[in-house]
Amino acid sequence: MKILIADDHRLVIEAVKAKLSELEPGIEFVLAMSVDELLAGANDELDLALIDLNMPGADGQAHIDEIRRRHPAVPVIVLSGYEDPAIMRSALERGVLGFIPKAYSPEVMLSAVRLVLAGGVYVPPMMLTALPPGIVAGVAPTQSGAAGASSATLEHLRSVLTERQVEVLQLLSQGKPNKLIGRSLGISEGTVKIHLAAIFRALNVRNRTEAVVAAQALTEAQA
């Protein structure tokens with residue numbers, strides 16, 4: 001396994017490197033302390049990239065955009081001192097698969113990394129609790145369904161989803177990849193993908209990240 005860690009603090013890099021070494025023996029680490037080093041060290045052979053937002057050479061989240069553009073197949077997790085839900089949402093909308101605040105424990109970080117490596121998306125709890133009551137965040141307008149999409153309510157979602165789709169959503173909100181969702185429900189991975197495609201259409205979301213946020217709101221409302 002090959003993992004890139006980009007942060008401008010050597011102590012942070014060494015701490016993250018030590019914790020991620022628990023994933024499996026023999027991990028190769030690529031280290032970067034600036035945006036220039038990040039862009040020079042990144043390549044398509046990486047299994048994962050953990051990138052800080054605030055580092056020398058950074059211009060907002062432009063370096064995240066550049067890594068996603070150059071290496072779209074590499075899973076990216078943002079590791080940041082920021083805890084603003086708006087910044088988290090902006091990063092997730094850029095296609096990163098997780099946002100881990102540095103205030104979180106090493107164990108939470110390791111669990112989040114394992115989730116992303118298994119095909120899931122890690123959304124910080126503080127982002128989910130910031131959702132407006134009764135409104136599903138992450139439902140983005142599209143050309144075919146902008147009207148009403150941004151004000152979709154949980155009540156509406158219950159009316160457009162089947163019972164099985166709700167079950168898939170609940171497991172999706174726990175960050176489970178398709179294989180584990182299928183195993184939990186006793187259905188094939190292919191059937192899970194069919195349900196997810198229907199769910200995306202029903203929620204008018206564009207990707208798995210937006211569906212995760214919408215799913216969490218639905219799950220919390222049903223609890």
Side-chain angles (χ1 to χ4, degrees), residues 1-128 138 174-177 207-210 212-213 216:
M1 185 180 295
K2 190 173 183 179
I3 298 178
L4 181 147
I5 305 172
D7 193 283
D8 61 333
H9 293 88
R10 175 61 68 176
L11 284 177
V12 172
I13 286 180
E14 292 302 326
V16 171
K17 180 180 173 182
K19 195 61 184 177
L20 294 185
S21 295
E22 298 180 19
L23 288 168
E24 65 178 48
I27 296 177
E28 178 184 349
F29 290 99
V30 178
L31 309 180
M33 297 187 67
S34 69
V35 170
D36 286 343
E37 291 181 5
L38 165 65
L39 298 178
N43 59 67
D44 291 334
E45 296 179 0
L46 292 172
D47 294 290
L48 181 70
L50 284 88
I51 305 174
D52 189 13
L53 291 183
N54 191 15
M55 56 194 306
D59 179 13
Q61 298 189 34
H63 59 303
I64 302 295
D65 292 335
E66 186 63 15
I67 289 295
R68 294 282 300 121
R69 185 187 69 80
R70 293 188 185 188
H71 312 288
V74 175
V76 174
I77 295 177
V78 169
L79 184 65
S80 175
Y82 294 114
E83 298 185 12
D84 183 346
I87 294 177
M88 295 176 186
R89 180 179 302 284
S90 177
L92 290 167
E93 288 176 348
R94 283 173 153 77
V96 306
L97 298 181
F99 192 110
I100 307 174
K102 291 181 180 178
Y104 282 14
S105 72
E107 291 302 327
V108 170
M109 180 196 69
L110 188 61
S111 296
V113 167
R114 284 190 170 123
L115 172 62
V116 169
L117 289 174
V121 178
Y122 181 75
V123 180
M126 66 178 66
M127 178 179 170
L128 299 172
Q174 298 170 22
K176 293 184 183 296
N207 53 50
R208 192 179 182 94
T209 301
E210 291 179 354
V212 167
V213 180
Q216 185 67 28

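By convention here, the first residue in the shown sequence is residue 1. Below, each value reflects all heavy atoms present in this structure, side chains not excepted, and no hydrogens, waters or symmetry copies. No experiment lies behind these values; they were computed from the predicted model shown.
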Nearest 0.5 Å, what's the [atom1]-[atom2] distance between [X] and [Y]?
{"X": "I5", "Y": "L79", "atom1": "CD1", "atom2": "CG", "result": "9.0 Å"}
{"X": "D47", "Y": "L4", "atom1": "CG", "atom2": "CG", "result": "11.5 Å"}
{"X": "I27", "Y": "K17", "atom1": "CD1", "atom2": "NZ", "result": "10.5 Å"}
{"X": "S34", "Y": "D8", "atom1": "OG", "atom2": "CG", "result": "9.0 Å"}
{"X": "L97", "Y": "L92", "atom1": "CG", "atom2": "CG", "result": "8.5 Å"}
{"X": "K19", "Y": "S21", "atom1": "NZ", "atom2": "OG", "result": "10.5 Å"}

Are [X] and [Y] side-chain neighbours, meaning at least one heavy-atom pair lies under 4.5 Å?
{"X": "P56", "Y": "E37", "result": "no"}
{"X": "V113", "Y": "L23", "result": "yes"}
{"X": "Q61", "Y": "V78", "result": "no"}
{"X": "L39", "Y": "R70", "result": "yes"}
{"X": "V108", "Y": "Y122", "result": "yes"}

ask   = Is E83 paired with K102 through a side-chain N to carboxylate O contact shorter than 4.0 Å?
value = no
Over all atoms of both residues, closest heavy-atom pair of [X] and [Y]:
{"X": "F99", "Y": "I77", "answer": "N-CG2, 4.5 Å"}
{"X": "M33", "Y": "M55", "answer": "C-CE, 3.7 Å"}
{"X": "Y82", "Y": "L53", "answer": "CD1-CD1, 3.9 Å"}
{"X": "V96", "Y": "A91", "answer": "CG2-O, 3.1 Å"}
{"X": "A112", "Y": "I100", "answer": "CB-CD1, 3.7 Å"}
{"X": "L31", "Y": "R10", "answer": "CD1-NH1, 3.7 Å"}

message = Go through it in stages, so that I can follow the logic: the residues are V16 and M109, the test is side chain to side chain contact (heavy atoms under 4.5 Å, CB included), and I'd like the CA-CA distance, side-chain angles, deciding distance and then a yes or no.
response = CA-CA 9 Å; V16 171; M109 180 196 69; 4.0 Å; yes
task = Before giving the answer on side chain to side chain contact (heavy atoms under 4.5 Å, CB included), spell out for K2 and L48 the whole-Å C-alpha distance, their side-chain angles and the decisive distance to 0.1 Å.
result = CA-CA 7 Å; K2 190 173 183 179; L48 181 70; over 6 Å; no
key: Criterion side chain to side chain contact (heavy atoms under 4.5 Å, CB included) on I3 and L20, from CA distance to verdict   = CA-CA 9 Å; I3 298 178; L20 294 185; 4.0 Å; yes
query = Would you find a donor on one side and an acceptor on the other, under 3.5 Å apart, between the side chain of H63 and the backbone of D52?
reply = yes
message = Surrounding CG of D59 (heavy atoms of other residues, nucleotides or ligands, distance under 6.0 Å), is the total greater than 12?
response = no
